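Fair warning: this is a prediction, and the values are worked out from it, not measured in the lab. So you know, we letter chains A, B, ... as the sequences are listed, proteins then strands, and number each from 1.
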Amino acid sequence: MVNITLPDNSIKVFESYPNGIDVAISISEGFSRNCVAMEINGRHLDLTQKIKEDCSLKFITTKDKEALEILRHSSAHVMAEAVQNLYPDALLTIGPVVEDGFYYDIDMKPISEEDFPKIEAEINNIIKAKKTFERKVVSKDEALEIFKNNPYKTELINELSDQEISLYQQGGFTDLCRGPHIPNTGMIKGIKLMKTSGAYWRADQSKAQLQRLYGTAFFDKKDLNAYLHLIEEAKKRDHRKIGTKLDLYSFHQEAAGMPFFHAKGMEMWNVLLEYWREEHKRAGYVETKTPVMLSRHLWEQSGHWENYRENMYTSVVDEEEYAIKPMNCPGGMILYKTGSYSYRDLPLRAGEIGLVHRHEKSGALSGLFRVRAFHQDDAHIFMTPDQIESEILGVLHLVDRIYSRFGLGFHLELSTRPKKSIGSDEQWEAATNGLKNAMNKYGKDYVINEGDGAFYGPKIDIHIKDALGRTWQCGTIQLDMALPERFDLSYKGADNEKHRPIMIHRVIYGSIERFFGILVEHFAGKFPLWLAPVQAVILPINDDLAPHAHDVRQKLAQQGIRCEVDTRTESLKKKIRDAQVNYTPLIITIGEKERETSTLSVRTLDGNVKMGVTIEEFISPVVKHIRNRVLEDIAI
RNA sequence: GCCCAUAUAGCUCAGUAGGUAGAGCGCUUCCUUGGUAAGGAAGAGGUUCACCGGUUCGACUCCGGUUAUGGGCUCCA
C-alpha cells in the first residue's frame, strides 16, 4: 500500500504501486493529459516511474515553466532520432535545453537550412507515432557497451560517477539521459528547427568541430507561432537596419567595430548625455575626463598589462610604449591621487564619459551591440567603508530613475567571490554584505551568481528588459578592493590617520553605443518626442509657402525643437507618408489658411490631425513635453 | 580567433552555360501647386560587380587568398 500526499494535503491511497499517470488519472482524466512529469521529494521524475513508497507528489503540468524545459529536452531526443534516421553515420554528442529552445551537437558532415524540411518531416513522423519515452537503468559497463561506437558518449559515460546510468528509449532510438521526459512524443505540438552552426566538442577549439542544430518546441502550436512572430518582430527592429533607414549611424570596413555617428544620431546621442548629466549632477556627481592613451607604466601598475593585454591597442610614442585605454579606472586613480582628501570629502563621485577601445575578436563584432570603440558612462565613487551601503543604494535609485525614463524594466544579479581573487575573507564579506544590504533596502529581488564576481570584488549587474521582453546587461556596480591598494589611495580619517578608501566602478547606460542600439530596438525606431532625432517636420502645401514654412521653423528651433522643412517637389501625401514612415512625431502642414491666421495644422503619428493650432498653442505643450522627457506620445 | 554563409548603384535586391550589368526606392531636372500615408516624365549615377592573385582567347560569373558583414562557437559593456 502506498500513501501519496498531494500539494493540497489530500492523500491518495493505492493498493499496488502506481506510476505517475495512474495518480494523475485518479485526480481526473483531463488533468492527466496536461501532466508532463512529477516532482517527488524535490526530484523530477517521469510519470511512467512506479511509486513504491509513501511520498509527497507534485505534478508538473504544461503550465509550469519546468514543463517547457522537459518538453524541449524530449524534443532534442526526437530531433536526434530524426537526424540519426536520415544520417545513420551521425554521432550524437550532447543535446541540452537553452533559453529559447534546445540544440544537439552532432558529429556529422555540415548541413544547412536546406536540409531542414526533410529533417522536420522525419521529426513530425516521430511525433505522430506518439512514441513513449521509456526509462532504462543500466550499469556503467552496459552503457559503455551500448555506446561503444560513439566516442563522445563513451567520454560522457566515463565521467559519470553513478554506477546506475539511465537511458531513454523512444521506439528504436536510445539515448543516454538523466531525464525526465514527457510521457510520449505526441505531446510536442509545435516544433521547429531554427538554425545550424559549428560548435566544438566541449567548446574547445582543439577538439572536433561538430554541427550544432538548434530547435525550439512548445506544447501549443499557437505558442510556437507567437515565438516565431517575436523573432520576426525583432528582425524588423534590428538597429542596424533602422539606423541606416533613419540615417543615425553607419559601419565601415575602414574601422571595423567602430561606429560612425551621423548628424541625426548625434542629436540623439547628445540628448542622452544631456539627460545623463542632469541626473548625475542632481545625484551629487562631478564630471571628469582622462586621456585616451596612457603610458605602459600605468597599465603595469593597474594590472591591466598583465591581465588584459590581449584586448588592448598599443602604440609607441617617442620610444615609449603606450596603451589606448580599455577602461577608465587607471586614469581615475591618477586623478584621485592628484588631490588630498579628508573623510569629510567622501563620498567622492567622479563621473566620466570615457572613450575606451577593446580589441574584441573579429567574430564577436555585431552592430552597436558589440564594438571595439565605445563610450562608458563611467563613474568612480571613493568612500569610507561605512558608506558602502548608502552609496550602492544611491546608485540603485539613480539606475531606477534613468531606466524608467525609457520605459525599461530591470532586474538585479549579485556576483560573489570567485575562486581566484584577492583580498581577505573579512574584506569580501564586508563588501558582499554591503551590496546585499543595499539591495535589500532597495527592496527588489535579486539573483545570486555564486563565484561570478571579478577577482577584485563583488558586483551587481543590472539587466534591463526591453519592449519585446528581451534582457540586456547594461548597468553594473563593481566594488574594487584592488586598485585603491595598487595605487596606494588614501584619505585622512577623523583620527588623523591615513585610511584606504573603498572604491566602486559603476555604469548605467554601460556602453552608450550599445544602449543606443538597445533603445533603437526597444522603440523600433519610433522614439518618444524628447529623443526623436527630428521632432517636427514642416510641410508647406505649395512652393509659395516655403518662406513662411522657414519662418515657422525658425520660431520652433528657437525654442529648441528639432525641426526640418520638406520643400521637395513632391505631393503633400508623399511628404506625409515619408514623415510617417520615419516616425517624425509631429507633422506640421502649412497652407494659405494657416499663413493668414498664423496657425499650424498638426498631425501626430497616430494619424490624428488638429487644424488651427496657433504657434504659441503648439510651442508651449511641446516644449513642456520635451523638457519633462515624457515617454508617452504627445496629444495636440 | 574558429565554423558556415554572404559581398553587384546612396538603400533594398535581381542577373549572366564564363562574352565587360539591371529593377525599385533615393538623387537631379522638368511638368503638376497639391489639404493629410506613394502625381507624372526625363536624366545622372557602377573608377564595372569588396580587394589581390590564378585558370581562360576572354572572369562580375570558376578556383585560391585577403578584408568586411551576417548567423553561431568563445568572450563580454
Side-chain angles (χ1 to χ4, degrees), chain A residues 98 103 105 109-114 194-214 235 238 240-241 244-247 250-257 308 310-311 326-328 354 356 358-378 461-464 472-476 478 505-518 539-546 568-582 587-594 601-605 607-611:
Chain A
V98 288
Y103 68 79
D105 283 346
K109 67 173 175 19
I111 54 172
S112 72
E113 297 196 5
E114 285 157 30
M194 300 303 294
K195 54 200 168 196
T196 60
S197 81
Y200 298 101
W201 172 238
R202 303 257 138 137
D204 184 341
Q205 287 185 19
S206 66
K207 303 241 166 86
Q209 168 85 35
L210 309 170
Q211 295 300 308
R212 176 166 295 181
L213 253 173
Y214 284 90
K235 229 184 243 170
D238 190 319
R240 292 166 296 205
K241 285 208 162 69
T244 304
K245 182 183 147 202
L246 298 185
D247 196 17
S250 55
F251 301 90
H252 303 274
Q253 245 179 263
E254 290 80 353
Y308 206 70
E310 68 279 15
N311 282 301
M327 296 180 196
N328 303 301
V356 297
R358 298 181 186 175
H359 185 82
E360 300 294 345
K361 289 175 184 168
S362 57
L365 303 179
S366 176
L368 289 178
F369 287 165
R370 194 122 180 97
V371 292
R372 282 178 173 158
F374 60 102
H375 294 74
Q376 288 182 307
D377 63 321
D378 214 344
D461 285 327
I462 304 148
H463 297 250
I464 63 174
W472 312 87
Q473 199 230 300
C474 288
T476 177
Q478 309 190 347
H505 314 252
R506 43 110 288 183
V507 289
I508 295 179
Y509 289 151
S511 149
I512 298 171
E513 281 78 354
R514 195 166 92 108
F515 191 76
F516 197 122
I518 292 169
L539 313 178
I541 232 160
N542 63 47
D543 295 347
D544 296 340
L545 289 155
R568 292 174 305 165
T569 52
E570 292 290 351
S571 66
L572 186 66
K573 275 177 190 290
K574 169 70 169 160
K575 292 182 189 181
I576 287 173
R577 184 186 137 81
D578 286 347
Q580 287 270 161
V581 300
N582 284 322
I587 302 166
I588 296 168
T589 48
I590 289 182
E592 289 299 344
K593 245 186 287 174
E594 283 78 11
S601 163
V602 184
R603 179 185 168 115
T604 40
L605 282 182
N608 285 328
V609 179
K610 189 161 175 198
M611 311 227 259

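Listed candidates were A68(B), C27(B), A37(B). Nearest to the side chain of Lys573(A) is A37(B). Residue Lys195(A) places its side chain closer to G71(B) than to any other of U36(B), A77(B), G71(B). Comparing U33(B), A77(B), C11(B) by their nearest atom to the side chain of Arg370(A) picks out A77(B). Taking only side-chain atoms of Lys361(A), from C-beta outward, the nucleotide of A38(B), C11(B), G1(B) with the closest atom is G1(B). For Leu365(A), whose side chain is taken as the heavy atoms from C-beta onward, the closest listed nucleotide among C11(B), U69(B), G39(B) is U69(B). The side chain of Phe374(A) lies closest to A77(B) when the candidates are C11(B), A77(B), U32(B).
Taking atom CD of residue Glu570(A) and atom P of nucleotide C31(B), one finds them 15 Å apart after rounding to whole Å. Protein atom CZ of Arg568(A) is 19 Å distant from nucleotide atom P of U33(B), rounded to whole Å. The nearest whole Å value for the distance from the NZ atom in Lys235(A) to the P atom in G71(B) is 10 Å. When the P atom of C27(B) is taken as reference, atom CG of Asp578(A) falls 8 Å away, rounded to whole Å. One can place CG of Asp543(A) at 13 Å from C1' of C30(B), the figure rounded to the nearest angstrom. One atom, CD of Gln253(A), and another, C1' of G70(B), lie 14 Å apart when rounded to the nearest Å. Rounded to an integer number of Å, the gap from Asn608(A) CG to U36(B) P is 14 Å. Taking atom CD of residue Gln478(A) and atom C1' of nucleotide C76(B), one finds them 12 Å apart after rounding to whole Å.
Remark: the backbone N or O of Glu360(A) is paired with a side-chain donor or acceptor of Arg372(A) at under 3.5 angstrom. Formation of a donor-acceptor pair under 3.5 Å by the Asn582(A) side chain with backbone atoms of Asp578(A) is found in this model. With Arg506(A) contributing its side chain and Asp377(A) its backbone, the two residues share a donor-acceptor pair below 3.5 Å.
Of the side-chain N and O atoms in Arg372(A), none sit less than 4.0 angstrom from OP1 or OP2 of C75(B). Within the 4.0 Å cut-off from OP1 or OP2 of G71(B), not a single side-chain nitrogen or oxygen of Tyr103(A) is found. Regarding contacts with the backbone of U36(B), every side-chain N or O of Arg577(A) stays at 4.0 angstrom or more from both OP1 and OP2. Remark: Thr589(A) is not in phosphate contact with U36(B), judged by side-chain N or O atoms under 4.0 Å from OP1 or OP2. OP1 or OP2 of A37(B) lies within a sub-4.0 Å distance of a side-chain N or O belonging to Arg603(A). Lys574(A) has a side-chain polar atom (N or O) that falls below the 4.0 Å cut-off from OP1 or OP2 of G26(B). Residue Ser511(A) places none of its side-chain N or O atoms closer than 4.0 Å to OP1 or OP2 of A77(B).
When heavy atoms are screened at a 4.0 angstrom cut-off, Glu592(A) is found touching base atoms of the nucleic acid. Within 4.0 Å of Gly257(A), counting heavy atoms only, lie sugar-phosphate atoms of the nucleic acid but no base atom. Contacts of Gly367(A) with the nucleic acid, taken as non-hydrogen atoms under 4.0 Å apart, involve only primed sugar atoms and P, OP1 or OP2. Val507(A) comes within 4.0 angstrom of no nucleic acid atom, judged by non-hydrogen atoms across all strands. Val356(A) comes within 4.0 angstrom of no nucleic acid atom, judged by non-hydrogen atoms across all strands. Backbone-only contact: Tyr214(A) has heavy atoms under 4.0 Å from sugar-phosphate atoms and none from a base. Residue-level contact check: Arg358(A) touches the bases, meaning some heavy atom is under 4.0 Å from a base atom. Within the 4.0 angstrom heavy-atom criterion, no nucleotide atom of any strand lies near Lys245(A). Counting non-hydrogen atoms under 4.0 angstrom, Ala256(A) reaches the backbone sugars and phosphates but no base. Glu594(A) comes within contact range of at least one nucleobase, with a heavy-atom separation under 4.0 Å. Nucleic acid contact class of Gln580(A) (heavy atoms, under 4.0 Å, all strands): base. Within 4.0 Å (heavy atoms only), Thr476(A) reaches no atom of the nucleic acid at all.
Rounded to the nearest Å, the gap between the P atom of U61(B) and that of C49(B) is 8 Å. Nucleotides U47(B) and C60(B) place their C1' atoms 15 Å apart, quoted to the nearest Å. Distance noted for atom P between U20(B) and A59(B): 12 Å (whole Å). Remark: the separation of the C1' atoms in A41(B) and G64(B) is 49 Å, to the nearest Å. G58(B) and C27(B) have their C1' atoms separated by 36 Å, given to the nearest Å. U6(B) and U16(B): their P atoms are spaced 15 Å apart (whole Å). The same atom, P, is picked in U55(B) and in G22(B); the two are 30 Å apart, to the nearest Å. Rounded to the nearest Å, the gap between the C1' atom of G10(B) and that of G26(B) is 7 Å.
In this entry G1(B) has C73(B) as its Watson-Crick or G-U wobble partner, both defining distances falling under 3.5 Å. In a base pair of the Watson-Crick type (N1 to N3 plus N6-O4 or O6-N4) or a G-U wobble (N1-O2 and O6-N3), with each distance short of 3.5 Å, C49(B) is matched with no nucleotide. A 3.5 Å limit on both hydrogen-bonding distances identifies no Watson-Crick or G-U partner for G18(B). Remark: G58(B) base-pairs with no nucleotide; criterion is Watson-Crick or G-U wobble with both hydrogen-bond distances under 3.5 Å. When Watson-Crick and G-U wobble pairs are counted only if both distances are under 3.5 Å, C25(B) pairs with G10(B).
The closest side-chain donor-acceptor pair between Glu310(A) and His359(A), if any, does not fall under 3.5 angstrom.
Of all heavy-atom pairs between Gly607(A) and Arg603(A), the closest is CA-NH2, 3.8 Å. Contact between Ile590(A) and Leu545(A) at its shortest, heavy atoms only, is O-CD1, 3.5 Å. Heavy atoms only, all atoms of each residue included: Glu594(A) and Ser601(A) are closest at OE2-CB, 3.5 Å.
Considering CD1 of Ile464(A) and OH of Tyr509(A), their distance stands at 11.0 Å, rounded to 0.5 Å.
The local environment of NZ in Lys245(A) is crowded, with over 12 non-hydrogen atoms from other residues, nucleotides or ligands closer than 6.0 Å.
Along RNA chain B, the nucleotide nearest Glu513(A) and the nucleotide nearest Ile587(A) are compared for position; the residue whose nucleotide lies closer to the 5' end is Ile587(A). Nearest-nucleotide mapping onto RNA chain B: of Gln211(A) and Gly607(A), the residue sitting toward the 5' end is Gln211(A).
Looking only at side-chain heavy atoms (C-beta outward), Ile518(A) and Phe369(A) come within less than 4.5 Å of each other.
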